[in-house]
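Working notes for the structure below.
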There are 2 protein chains.
Amino acid sequence: MEPTTENEAELLAADAIGDVIEHWGFRKALGRTWTVLYLDGGALGAAELGERLQMSAGAMSTTLTELQRWAVVRKVWIPGERRDFFEAETDFWKMISRVVHERERFLAGSVRERLGRAQAVLRKTSTGAAARARVERLGRLMAFATMAETVIESFLASRRVDFGEFGNLLALGRQVTAAAVGKARKS
Amino acid sequence: MEPTTENEAELLAADAIGDVIEHWGFRKALGRTWTVLYLDGGALGAAELGERLQMSAGAMSTTLTELQRWAVVRKVWIPGERRDFFEAETDFWKMISRVVHERERFLAGSVRERLGRAQAVLRKTSTGAAARARVERLGRLMAFATMAETVIESFLASRRVDFGEFGNLLALGRQVTAAAVGKARKS
DNA sequence: TTGAACTTTCAGAATCTTTTGAAAGTTGAG
DNA sequence: CTCAACTTTCAAAAGATTCTGAAAGTTCAA
């Protein structure tokens with residue numbers, strides 16, 4: 001069935017983006033809500049969003065809170081209005097870098113520490129060639145994690161990359177390269 | 001509580017990688033299983049994996065099937081042995097590119113088509129400045145999707161990038177840039 | 001301070017995902 | 001062919017996650 005009204009078209013787009021967002025590990029509702037706000041261009045209230053997207057007030061509330069935590073939607077003050085209004089962040093780069101940054105923090109923090117702990121134990125308790133090889137493979141895994149972190153870091157550091165301007169990609173390429181080579185020299 | 005035995009250390013590492021993998025939208029079991037195989041270095045049978053990871057035979061079977069679908073683990077034939085053995089793919093680049101590729105296919109296929117359909121409807125049914133602005137925002141969203149696809153494609157095209165050799169990152173940077181600029185000229 | 005308008009919270013319902021355990025299926029040696 | 005060894009499949013259980021609807025909380029105008 002083809003969408004025929006303006007609202008159905010909006011939902012079609014919202015659901016498409018919702019699926020992308022879900023594919024990357026978030027709730028579909030986040031993508032749907034952001035899309036409606038983005039396409040509208042202006043600021044909308046929670047009730048109106050809930051009606052357009054067929055979501056309950058409760059779901060709307062948690063969704064909007066989470067979107068704000070990701071700095072992907074912000075609350076705007078409309079003078080004379082009692083209720084809260086929300087509008088979409090339109091800077092794609094800001095949104096992506098926020099998400100990538102969050103995931104990198106996770107990698108950097110907990111994971112490397114745990115791998116390191118595992119390696120330390122293996123080093124102590126193990127004897128023989130097989131055990132040594134195991135320690136060394138774990139080391140390679142950690143080296144890869146470090147490498148990935150470096151790539152992500154430089155990606156984030158190139159904060160001025162604007163996906164709308166192709167020219168700047170050049171800068172990204174250079175920065176990633178420079179950072180990675182620099183780090184390699186140190187170790 | 002600190003791990004003290006070799007096996008506890010193995011589980012510590014496996015759980016860490018399991019969490020990373022879960023963070024990127026897969027089942028934890030996939031990451032845990034791959035890690036045990038990777039650290040072991042050799043080929044292991046399903047029963048042994050299940051025992052080390054405390055997983056049932058059924059879970060082991062589906063997990064190994066899925067890991068093979070992602071080409072991240074492969075079955076190996078051991079002459080004289082009745083049961084199947086499995087070993088880990090150790091090429092990180094192969095694994096990552098496979099996953100990125102899969103996600104790109106999703107973006108390229110369904111999503112752009114749906115956004116386009118929504119835009120077509122909006123174009124027809126809408127009149128007035130606000131409606132025109134909405135169509136144009138949807139256009140910007142689609143342009144971004146195309147851009148993202150291009151970046152991912154060039155990333156994938158630079159198949160020789162080896163995360164273990166920093167030097168090759170230079171090639172990645174160049175290729176991404178070249179591909180993006182080329183595509184921009186065409187449109 | 002009160003009441004209306006709105007938002008947040010949260011227990012329970014609904015839904016989706018993953019695991020288990022056992023039955024059914026497959027394979028190869030003898 | 002038959003049995004034993006192994007693997008896959010699948011229904012039901014367990015476990016997570018997300019949503020609803022209503023109660024509680026907040027805020028502001030009067």
Side-chain angles (χ1 to χ4, degrees), chain A residues 11 14-15 17-37 43-70 72-87 102 106, chain B residues 11 14-15 17-37 43-70 72-87 102 106:
Chain A
L11 281 183
D15 287 345
I17 298 298
D19 286 346
V20 172
I21 253 49
E22 194 177 33
H23 226 238
W24 286 96
F26 301 88
R27 285 187 295 138
K28 203 179 210 148
L30 298 191
R32 300 207 322 140
T33 303
W34 176 85
T35 305
V36 168
L37 285 172
L44 299 175
E48 184 164 8
L49 282 167
E51 204 197 337
R52 287 209 211 173
L53 291 164
Q54 303 282 36
M55 292 169 61
S56 71
M60 222 46 256
S61 174
T62 54
T63 298
L64 286 167
T65 302
E66 199 169 344
L67 284 170
Q68 282 173 281
R69 218 172 42 73
W70 285 100
V72 147
V73 156
R74 60 178 156 276
K75 207 177 271 195
V76 293
W77 189 254
I78 295 194
E81 278 287 358
R82 184 87 169 251
R83 61 198 197 283
D84 296 339
F85 283 79
F86 301 88
E87 67 181 20
E102 179 77 8
F106 175 72
Chain B
L11 281 183
D15 287 345
I17 298 299
D19 285 346
V20 172
I21 252 51
E22 193 177 33
H23 227 238
W24 287 96
F26 302 87
R27 285 187 296 136
K28 203 179 211 146
L30 299 191
R32 299 209 319 143
T33 303
W34 177 85
T35 305
V36 168
L37 285 172
L44 298 176
E48 184 163 9
L49 282 167
E51 204 199 336
R52 286 209 211 172
L53 291 164
Q54 301 282 35
M55 293 168 61
S56 71
M60 223 43 257
S61 174
T62 55
T63 298
L64 286 168
T65 302
E66 199 170 344
L67 283 170
Q68 282 174 282
R69 219 174 39 74
W70 285 99
V72 147
V73 156
R74 58 177 159 277
K75 206 177 273 193
V76 294
W77 187 255
I78 296 194
E81 278 287 357
R82 185 88 170 252
R83 61 197 197 283
D84 296 339
F85 283 78
F86 300 88
E87 67 181 19
E102 179 77 8
F106 175 72

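Each chain gets a letter, A, B and so on, in the order the sequences are listed, and its residues count up from 1.
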Let me know the distance between [atom1] of [X] and [atom2] of [N], rounded to the nearest Å.
X: A/L53; N: D/dT18; atom1: CG; atom2: P; result: 17 Å
X: A/F26; N: D/dT17; atom1: CZ; atom2: C1'; result: 16 Å
X: B/I78; N: C/dG28; atom1: CD1; atom2: C1'; result: 17 Å
X: A/Q54; N: D/dG21; atom1: CD; atom2: C1'; result: 16 Å
X: A/R32; N: D/dT18; atom1: CZ; atom2: C1'; result: 13 Å
X: A/M60; N: D/dT18; atom1: CE; atom2: P; result: 15 Å
X: B/E22; N: D/dA16; atom1: CD; atom2: P; result: 10 Å

Quiz item: Under the side chain to side chain donor-acceptor pair (under 3.5 Å) rule, what pairs show up with a residue in residues 57-68 of chain A, not counting sequence neighbours?
Solution: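 Every pair satisfying side chain to side chain donor-acceptor pair (under 3.5 Å) with a residue in residues 57-68 of chain A: A/R27-A/E66.
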Practice problem: Could you list the residues that satisfy side chain to side chain contact (heavy atoms under 4.5 Å, CB included) with B/A59, not counting sequence neighbours? | Solution: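 In terms of side chain to side chain contact (heavy atoms under 4.5 Å, CB included), with neighbours along the sequence ignored, B/A59 is linked to B/M55, B/S56.
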Practice problem: Report the residues that fulfil side chain to side chain contact (heavy atoms under 4.5 Å, CB included) with B/R82, sequence neighbours left out, ordered by chain and then residue number. | Solution: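 Partners of B/R82 under the side chain to side chain contact (heavy atoms under 4.5 Å, CB included) test: none.
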Quiz prompt | Heavy-atom closest pair, residues B/V36 and B/A14 | solution =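 Heavy atoms only, the tightest pair is CG2-CB, 4.2 Å.
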Quiz item: A/T33 and side chain to side chain contact (heavy atoms under 4.5 Å, CB included): which partner among A/V72, A/L67, A/L44?
Solution: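 Running side chain to side chain contact (heavy atoms under 4.5 Å, CB included) over A/V72, A/L67, A/L44 with A/T33 returns exactly one hit, A/L67.
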Distances under 3.5 Å between nitrogen or oxygen atoms of protein and nucleotides 5-7 of chain D:
| from | atom 1 | to | atom 2 | distance (Å) |
| --- | --- | --- | --- | --- |
| D/dT7 | OP1 | B/D84 | N | 3.3 |

Self-check item: Contacts of type salt bridge (charged side-chain N to carboxylate O under 4.0 Å, His left out), residue A/D15, not counting sequence neighbours
Solution: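 Scan of A/D15 (salt bridge (charged side-chain N to carboxylate O under 4.0 Å, His left out), adjacent residues dropped) gives A/R32.
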Quiz item: Can you name the salt bridge (charged side-chain N to carboxylate O under 4.0 Å, His left out) partners of B/R83, sequence neighbours left out?
Solution: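 Expected list: B/E81.
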Quiz prompt | Upstream residue (5' side of DNA chain D) when A/T62 and A/W77 are each assigned their closest nucleotide | solution =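 Whichever sits nearer the 5' end wins; that is A/T62.
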Could you run down the sub-3.5 Å N/O contacts of the protein with nucleotides 14-17 of chain C?
none

Practice problem: Under the side chain to side chain donor-acceptor pair (under 3.5 Å) rule, collect the residues that match up with B/D84, sequence neighbours excluded. | Solution: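 Checked B/D84 against side chain to side chain donor-acceptor pair (under 3.5 Å); matches are B/K75.
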Exercise. For A/E102, check side chain to side chain donor-acceptor pair (under 3.5 Å) against everything at least two apart and list the hits.
Key: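 Listed in chain order: nothing, the list is empty.
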Exercise. With sequence neighbours excluded, tell me which residues meet ring pair (Phe, Tyr, Trp, His ring centres under 6.0 Å) with A/F26.
Key: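 A/W70.
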Exercise. Kindly express the pairing pattern of DNA chain D in dot-bracket notation, using | wherever a base pairs with another strand and counting only Watson-Crick or G-U pairs under 3.5 Å.
Key: ||||||||||||||||||||||||||||||
Self-check item: Whether B/F106 and A/H23 hold their rings parallel, tilted or perpendicular, with breakpoints at 30° and 60°
Solution: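 Parallel: the ring planes of B/F106 and A/H23 meet at under 30°.
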